[in-house]
Amino acid sequence: MAHTAREGDDTVEFFDSPEVVDEKVTKLAEWIRQASHFISFTGAGISTAAGIPDFRSGMHTVLETGPGAWELRAKGKKRSSKRKVVSTVQALPTPTHMMMLQLCQNGILKGVISQNTDGLHRRSGLHKQELFELHGNSNLEVCRSCHREYLRDFRTRSAAKVHDHLTGRNCDDPHCRGKLKDTIINFGEDLPEDVLEKSFEHGEKADLCLAMGSSLTVTPAADIPKIVGKKGNVNGGLVIVNLQKTPLDRRASLKIHAKCEDVSRLLMDKLGLSIPEFRLQRKLLVTQKTVSGSPNCKVSIQGMSSDDFPFSFISKVDFTSGAKTTSVSKEPFQVITEDPKKIKLLVKFRVYFFGHYGEPPLDFEWPLQSMSNGMNIVYSKIMGFGCYIGLFSGLASAMYVLEFNPFTQTWANPVIENDTKVTDVTAKLQAAAL
């Protein structure tokens, strides 16, 4: 909050010369090659390049987003309309986010511990198993009763009171229907125990921690890089990338005064790796299931994250069968169809998205088939491209993997995922719907 704003010399920003930055990043790259357990620790400073303001940058910061939120509040000022600011749901992951994704995918980076709530790490494609969001995720809510998680393509927090976290939605599981709460951790609230425990385990194992864009003033989160810094590893330990001074500077083996995105680009060049351009990853699980006690079928569409968690990114689905079109504008997105034995029906879908990046709707074709025992093979089309789908004993499913390029505003050719994960996910979703 405002009382945590930095004062005086603590708000001063420092900049190493290009030659010094190059020398320091060369050393960092060598330490990464030698590290046995390399982790990163991220703060709001890695997202300023995306247009999301941080909290503690001073009134005279060079950042295009302007002074930090707490700094403005402490000074009784408002952010200038001339500043480059983007909402968290429309922000694109930065080169730093994409660098960490690539390092994780290459097995180099073992875990990303983050104080950020903007959801950009998860949106970049980083899987939950590699990411530890200590202060929550503004796009994530969880059931108070069964602890099932729900990822959304919108901000989940709606409560006016600081310590009220109820979102007004309920768990989808008919056997639970518990109240959902947002996952944001405000000042004075406990951090999620399991996430904190795993983060400290990584800190204990790490021989190299790269802390980027964090003032390292908020505990217990800042105690994790401190653990690594206390080890005093001369060939690694704690490396800090930040424009301002931090309380852990004396614990650091290396301090780089430069913007996070500049260090990220240079570091990946030193490692001989490229930073992938961001692509919005989406999955659509389409299922056809016989209706109990009826010859009819239920066809459903469920959004999924890249790591196979239910993800609410669909705003509406138009189901068309013959001359009839049914529009469904809230979850669950499903329609009851006629008995496929009577007539072969081709169900067409038009799927609409929230469109934070301008994603246009997608068109599908789904051929209803008689759901007999054994397996049938049917042919489905999306965006004019076909794929074969297996139907198993009263249940058909297909997981479409979609990729959207926000820079060209185009969807790539869809890919169908065909492995045991699809069957597992389908079984869970169907069980919840019974």
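Heavy-atom basis, side chains included; hydrogens, waters and symmetry copies ignored.
F38 does not carry K110 over the face of its six-membered ring by the limits of under 6.0 Å from the centre and within 45° of the normal. R123 forms no cation-pi arrangement with F278, by the criterion of a distance under 6.0 Å to the ring centre and an angle within 45° of the ring axis.
Aromatic ring pairs are classed by plane angle as parallel below 30°, tilted from 30° to 60° and perpendicular above 60°; the pair W411 and F353 is tilted. Relative orientation of the F313 and F311 rings is perpendicular, given thresholds of 30° and 60° on the angle between their planes. The aromatic rings of F14 and H257 sit tilted relative to each other, their planes meeting at an angle between 30° and 60°.
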For S36 and D207, run side chain to side chain donor-acceptor pair (under 3.5 Å): C-alpha distance rounded to whole Å, both residues' side-chain angles, the deciding distance at 0.1 Å, then the answer.
-> CA-CA 7 Å; S36 60; D207 53 356; 2.9 Å; yes

Given the rule in the side chain to side chain donor-acceptor pair (under 3.5 Å) test, do T42 and S114 qualify, once you have shown the distances and angles that lead to the verdict?
-> CA-CA 5 Å; T42 65; S114 184; 2.8 Å; yes

After noting the C-alpha distance and the side-chain angles of K198 and E201, does the key distance pass the salt bridge (charged side-chain N to carboxylate O under 4.0 Å, His left out) rule?
-> CA-CA 5 Å; K198 290 175 183 177; E201 287 176 0; over 6 Å; no

Check against side chain to side chain donor-acceptor pair (under 3.5 Å), E13 and T61 | CA-CA 7 Å; E13 295 176 343; T61 181; 2.5 Å; yes

Does the pair L271 and D269 meet the rule for a side chain to side chain contact (heavy atoms under 4.5 Å, CB included), with working shown?
-> CA-CA 5 Å; L271 292 172; D269 183 62; over 6 Å; no

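No more than 12 heavy atoms of other residues, nucleotides or ligands shown are found within 6.0 angstrom of CD on E23. K27 NZ: 12 or fewer foreign heavy atoms inside a 6.0 Å radius. R279 CZ: more than 12 foreign heavy atoms inside a 6.0 Å radius. Sparse packing is recorded around CG of D190, with 12 or fewer heavy atoms of other residues, nucleotides or ligands lying under 6.0 Å away. Other residues, nucleotides and ligands contribute only 12 or fewer heavy atoms inside 6.0 Å of the CD atom of E193. With a 6.0 Å radius and a threshold of 12 heavy atoms from other residues, nucleotides or ligands, K24 has its NZ atom above the threshold. Counting heavy atoms of neighbouring residues, nucleotides and ligands inside a 6.0 Å radius, atom CD of Q90 exceeds 12 of them. More than 12 heavy atoms of other shown residues, nucleotides or ligands fall within 6.0 angstrom of atom NZ in K231.
Of the listed residues (S264, S40, S124, S47), just one forms a side chain to side chain donor-acceptor pair (under 3.5 Å) with T96, and that residue is S264. Each of K181, R155, R152 was evaluated against E141; a single residue qualifies, R152, per the salt bridge (Lys or Arg N to Asp or Glu O under 4.0 Å) test.
Here the CZ-NE2 distance, from R157 to H165, works out to 5.5 Å after rounding to the nearest 0.5 Å. Here the CG atom belonging to L131 is positioned 7.0 Å from the CZ atom belonging to R122, to the nearest 0.5 angstrom.
Shortest non-hydrogen contact noted between A91 and I52 is CB-CD1, 3.7 Å. For the pair P225 and C209, the tightest heavy-atom approach, listed with the atom from each and the gap, is CB-SG, 4.0 Å. Residues E133 and P192 share a closest heavy-atom pair of O-CG, 4.4 Å.
The aromatic ring centroids of F154 and F354 lie less than 6.0 Å from each other. Taking the six-membered ring for Trp, F319 and F333 have ring centres at least 6.0 Å apart.
Remark: side-chain polar atoms of T219 are not paired, donor with acceptor, to backbone N or O of D223 under 3.5 angstrom.
Between the side chains of T26 and K270, at least one donor N or O sits under 3.5 Å from an acceptor N or O. A donor-acceptor pair shorter than 3.5 Å can be found between the side chains of E331 and S312.
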